[in-house]
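Read the structure below first, then the notes.
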Amino acid sequence: MNLTRKILAVFLTIVLGMILTLVVIGLPFSTTLLKPGFIEAQFQDNDLYAQLPDVVTSTVYQSLQELPGDQYSAFLQLLSEEQVKILVNELLPEEWFKQQVDKIVNSFTEFLNLKTQQINLEVDLTPLKQNINSENGLSAITGILATYPPCSLEFLLTMFGFAGEGNFESMTICNPPEEFRALLQPFFVQMLKAASMGIPSEIEVPVYMGLANAGDNRFEKAYSAYQFIYKTGKMIPWICAGIVLLIILLVLPQFRTLLRFLGGALLAAGALGGLGLLGALRIGNGFVAGLPSSGVIPDFLESLSSLIVQTGQSILGAIQQQTLLVSGIATGAGLLLVLISGLI
């Protein structure tokens, strides 16, 4: 092999090592974060689905506090957040909560795979509004009233008198006798209607567009860079194959030198890519831990901040495991080729 061919082969080996380093860095993300179903599995493992009722309860409770001060709203505003939670649990099936999370996750996964330019944090409250205006709503109200002490007809008339005078501060909730509940049903129906009107049909926070509308172009620049990296990554296998073919044509028939070159590229990529990504993941873990105090988490998800941190760190942990696996395979394969070249 003449000097020109050797220099060119060394240069291509260095380029191959750099590209393989990118493969070692990118492959753990392809097998985790970009893989459909991965995030859902992490949510399942961290019990995030079971915690979503707390988010809805907080939103509904806040909505009730903002209702206009009429006689129906006054009764609703006397409900504690714990009683609102009973109402939510009665009116929304478990599967509904999982559907809402899956919609958010699908939006995020599609965003990462360049299928959309907007992440929608969206919770559909239409089923809740529909159930409030049904028999389920009346049943839930009956269940909530059962948590209060019983009261007499005279007491009820006094409360209605306060409501008619607009003296809502003096009103308290009690559990009316069963024989009077049928008489109160029209009032309950109007009260539930008022609650339904005060609850939004959906909660939606378009993250990407929100930043764009605020005139913040930092995300725009970062996203453009990510698009370039993602699209380039799709071409890397073909680029690597082409470079390996050129190295083979330049080095053969010196098989020993070929093994040394390819082994060196794999060894360097496995070590540099693995160490670099592990360092970046450690920094990312610290960033995730600081999310609750950073203001990044939307207000309606604030009650889930600790669980979001836990899930985020779990995702980073899974990526870390894949990084160790990929870098270990690349480093081991490279070392093996170098050792074989020394034995030939």
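Between Val338 and Gly263, the closest heavy-atom pair is CG2-C, 3.8 Å. The minimum heavy-atom distance linking Val24 with Gly273 is given by the pair CG1-C, 3.9 Å. Taking each heavy atom of Leu12 and Ile243 in turn, the nearest pair found is O-CG2, 3.6 Å. Residues Ala265 and Thr13 come closest through the heavy atom pair CB-O, 3.9 Å. What you find for Tyr226 and Asn113 is that their closest heavy atoms are OH-N, 4.5 Å. Here the shortest heavy-atom pairing between Gly270 and Ala330 reads CA-CB, 3.8 Å.
Interatomic distance, NZ of Lys129 versus NZ of Lys193, reported as 11.5 Å (0.5 Å rounding). Note that CG of Leu262 is 6.5 Å distant from CD1 of Ile248, once rounded to the nearest 0.5 Å. Separating the CG atom in Leu316 from the CD atom in Gln321 is a distance of 11.5 Å, to the nearest 0.5 Å. Here Ile104 contributes atom CD1 and Gln99 contributes atom CD; the two are 12.5 Å apart, rounded to the nearest 0.5 Å. A distance of 10.0 Å separates CD1 in Ile144 from OG in Ser139, rounded to the nearest 0.5 Å. In this structure, the separation between CD on Gln310 and CG on Asp45 is 10.5 Å, given to the nearest 0.5 Å.
A donor-acceptor contact shorter than 3.5 Å links the side chain of Thr31 to the backbone of Leu27. Between the side chain of Ser327 and the main chain of Thr323, a donor-acceptor pair closer than 3.5 Å is present. Under the 3.5 Å distance criterion, the side-chain polar atoms of Thr142 are matched with a main-chain donor or acceptor of Leu138. The backbone N or O of Asn106 sits nowhere less than 3.5 Å from a side-chain atom of Thr109 that would complete a donor-acceptor pair. Between the side chain of Trp96 and the main chain of Asp124, a donor-acceptor pair closer than 3.5 Å is present. Without hydrogens or angle criteria, Arg260 side chain to Ser341 main chain gives no donor-acceptor distance under 3.5 Å.
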query = What's the verdict on side chain to side chain contact (heavy atoms under 4.5 Å, CB included) for Gln130 and Thr126, showing C-alpha distance, side-chain angles and the deciding distance?
reply = CA-CA 6 Å; Gln130 292 173 342; Thr126 301; 3.6 Å; yes

inquiry  = Run Arg282 and Gln320 through side chain to side chain contact (heavy atoms under 4.5 Å, CB included) and show every step you take.
reply    = CA-CA 9 Å; Arg282 184 173 182 179; Gln320 184 179 28; over 6 Å; no

query = Run the side chain to side chain contact (heavy atoms under 4.5 Å, CB included) check on Ile7 and Phe11 step by step: do they pass?
reply = CA-CA 6 Å; Ile7 292 175; Phe11 172 74; 5.5 Å; no

ask   = So Phe261 and Arg256, side chain to side chain contact (heavy atoms under 4.5 Å, CB included) or not? Walk me through it.
value = CA-CA 9 Å; Phe261 281 3; Arg256 177 180 178 182; over 6 Å; no

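Around the OH atom of Tyr148, the shell of radius 6.0 Å holds more than 12 heavy atoms that belong to other residues, nucleotides or ligands. Taking a 6.0 Å sphere around CD of Glu95, one finds it holds more than 12 heavy atoms contributed by other residues, nucleotides or ligands.
Side-chain atoms of Leu16 and Cys240, non-hydrogen and from C-beta on, do get closer than 4.5 Å to each other. For the pair Leu266/Thr331, no side-chain contact is recorded, criterion being any heavy-atom separation below 4.5 Å from C-beta on. Side-chain contact between Leu324 and Leu278 is present, with at least one heavy-atom pair separated by less than 4.5 Å. At a threshold of 4.5 Å between non-hydrogen side-chain atoms, the residues Gln254 and Leu258 do not count as touching. No side-chain heavy atom of Tyr230 sits under 4.5 Å from any side-chain heavy atom of Leu112. Lys35 places none of its side-chain heavy atoms less than 4.5 Å from the side chain of Ser30. For the pair Leu277 and Phe29, the minimum side-chain heavy-atom distance is below 4.5 Å. Residues Phe108 and Thr116 fail the side-chain proximity criterion, which asks for heavy atoms closer than 4.5 Å.
For the residue pair Gln42 / Ser314, a side-chain donor-acceptor distance below 3.5 Å is found, with atom types taken as modelled. Between Thr32 and Gln322, the side chains place no donor N or O within less than 3.5 Å of an acceptor N or O (distance only, hydrogens not considered).
Using a 4.5 Å cut-off between side-chain heavy atoms of Ile, Leu, Val, Met, Phe, Trp and Tyr, with links allowed through other members, Phe287 and Ile319 fall into the same hydrophobic cluster. One hydrophobic cluster, built from ILVMFWY side chains closer than 4.5 Å, cannot hold both Leu275 and Val23; they sit in different ones. Residues Leu252 and Leu337 are members of one and the same hydrophobic cluster, defined by side-chain heavy-atom contacts under 4.5 angstrom among Ile, Leu, Val, Met, Phe, Trp and Tyr. Cluster annotation: Met18 and Val10 are assigned to the same hydrophobic cluster (Ile/Leu/Val/Met/Phe/Trp/Tyr, side-chain heavy-atom contacts under 4.5 Å, transitive). Cluster membership for Leu20 and Met235, using ILVMFWY side-chain heavy atoms within less than 4.5 angstrom, is shared.
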